[in-house]
S.K.: 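To start, I am sharing the structure in question, which I have written as structure tokens.
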Amino acid sequence: MPPPPGAQPPGPLRIDGEFAAAPGEPLPALADRLRGALYARAVDGLGLRVTEVDLRVTALLEGAAESPAPAGPVEREAAEPEDAVGRAAAAVPGVAHLTGVLGGAVVRTAAAEDGGERVRVELATAAGHRPLEVARAVRARLTQLDEAPRTVTVLVTAVEAPPADRAGGGHTRRTARG
């Protein structure tokens with residue numbers, strides 16, 4: 001099964017971003033604060049390995065910035081599991097629900113080279129669960145089914161937000177080498 005659109009090979013990631021800044025806080029301090037928040041969310045919240053967070057200021061806003069109301073999470077309709085694979089995936093701890101963002105909650109294709117079946121499962125992870133660990137648990141569970149697919153791809157399309165008091169993290173680290 002081909003990787004989903006935008007998929008990256010496994011390994012450490014570099015986060016690149018752009019932002020607009022308002023007057024009132026020195027740009028280096030603002031960038032460090034934003035860099036720390038992005039790093040903490042990626043590492044602590046999502047379980048990703050991040051080597052660097054690179055930010056660029058692309059605009060300077062005029063006047064004092066008003067804090068906009070935080071945007072709420074994008075609501076996605078849960079997909080109901082339709083078969084044993086979907087039910088098994090949905091039952092794994094940490095799976096909030098199946099999704100169908102890229103075409104279906106469970107997509108099956110035949111692998112021409114070995115005749116085995118390939119399965120892609122799209123899901124949302126529940127708050128407080130690391131997406132990488134949930135994805136691995138879903139893969140492990142699906143490969144144990146009586147009629148297990150040859151390969152399993154788990155695509156996390158949504159991560160439920162943690163409670164507000166845990167969202168910030170508090171890290172200020174810029175890079176991690178190793």
S.K.: Using atom types as modelled and distance alone, determine if a side-chain donor or acceptor of R130 lies under 3.5 Å from a backbone N or O of V43.
M.R.: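 Confirmed, R130 side chain pairs with V43 backbone.
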S.K.: State whether the side chain of E122 and the backbone N or O of L102 hold a donor-acceptor pair below 3.5 Å, judged by distance alone.
M.R.: yes
S.K.: Does any non-hydrogen side-chain atom of R136 lie less than 4.5 Å from one of V134?
M.R.: no
S.K.: Search all heavy atoms of A84 against all heavy atoms of L145 and return the closest pair with its distance.
M.R.: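 Smallest heavy-atom distance, with atoms named: O-CD1, 4.5 Å.
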S.K.: So which atom in V152 and which in L142 form the shortest heavy-atom distance, rounded to 0.1 Å?
M.R.: CG1-CD1, 3.8 Å
S.K.: Kindly check if the number of other-residue, nucleotide or ligand heavy atoms within 6.0 Å of CD (E160) is above 12?
M.R.: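 Buried by this count: over 12 neighbours within 6.0 Å.
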S.K.: Are R87 and E82 close enough for a salt bridge, meaning some N to O gap below 4.0 Å?
M.R.: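 No, this pair does not count.
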S.K.: Before you tell me yes or no, could you show the steps for L123 and V138 under side chain to side chain contact (heavy atoms under 4.5 Å, CB included), namely the whole-Å CA-CA distance, both residues' side-chain angles and the distance that decides it to 0.1 Å?
M.R.: CA-CA 10 Å; L123 57 86; V138 169; 3.8 Å; yes
S.K.: How long is the straight-line distance from CZ of R49 back to CG of L13, given to the nearest 0.5 Å?
M.R.: 8.0 Å
S.K.: What is the minimum heavy-atom distance between R139 and V154, and which atoms define it?
M.R.: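 Minimum heavy-atom contact is CG-CG2, 3.4 Å.
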S.K.: Measure the spacing between CZ of R108 and CG of D83 and express it to the nearest 0.5 Å.
M.R.: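 Rounded to the nearest 0.5 Å, the CZ-CG separation comes out at 4.5 Å.
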S.K.: Are L132 and V92 connected in a single hydrophobic cluster, I mean Ile/Leu/Val/Met/Phe/Trp/Tyr linked by side-chain heavy atoms less than 4.5 Å apart?
M.R.: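 Hydrophobic grouping puts V92 apart from L132.
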S.K.: Pick from V50, L48, T51, D54: which one makes a side-chain contact (heavy atoms from CB on, under 4.5 Å) with I15?
M.R.: V50
S.K.: What is the distance from atom CG of D44 to atom OH of Y39, rounded to the nearest 0.5 Å?
M.R.: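 D44 atom CG to Y39 atom OH measures 8.0 Å (nearest 0.5 Å).
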S.K.: Just how far is it from atom CG of L38 to atom CG of D16, taken to the nearest 0.5 Å?
M.R.: 11.0 Å
S.K.: Tell me the closest heavy-atom pair linking V156 and A135, and the distance in Å.
M.R.: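 Smallest heavy-atom distance, with atoms named: CG2-CB, 4.5 Å.
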S.K.: Minimum heavy-atom separation for G86 to L98, with atom names?
M.R.: O-CD1, 3.5 Å
S.K.: To the nearest 0.5 Å, tell me how far F19 CZ sits from L34 CG.
M.R.: 6.0 Å
S.K.: Report the distance from atom CG of D32 to atom CG of L55, rounding to the nearest 0.5 Å.
M.R.: 9.0 Å
S.K.: Nearest heavy-atom pair of V121 and A89: which atoms, and what distance?
M.R.: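 Closest approach of V121 to A89: CG1-CB, 3.9 Å.
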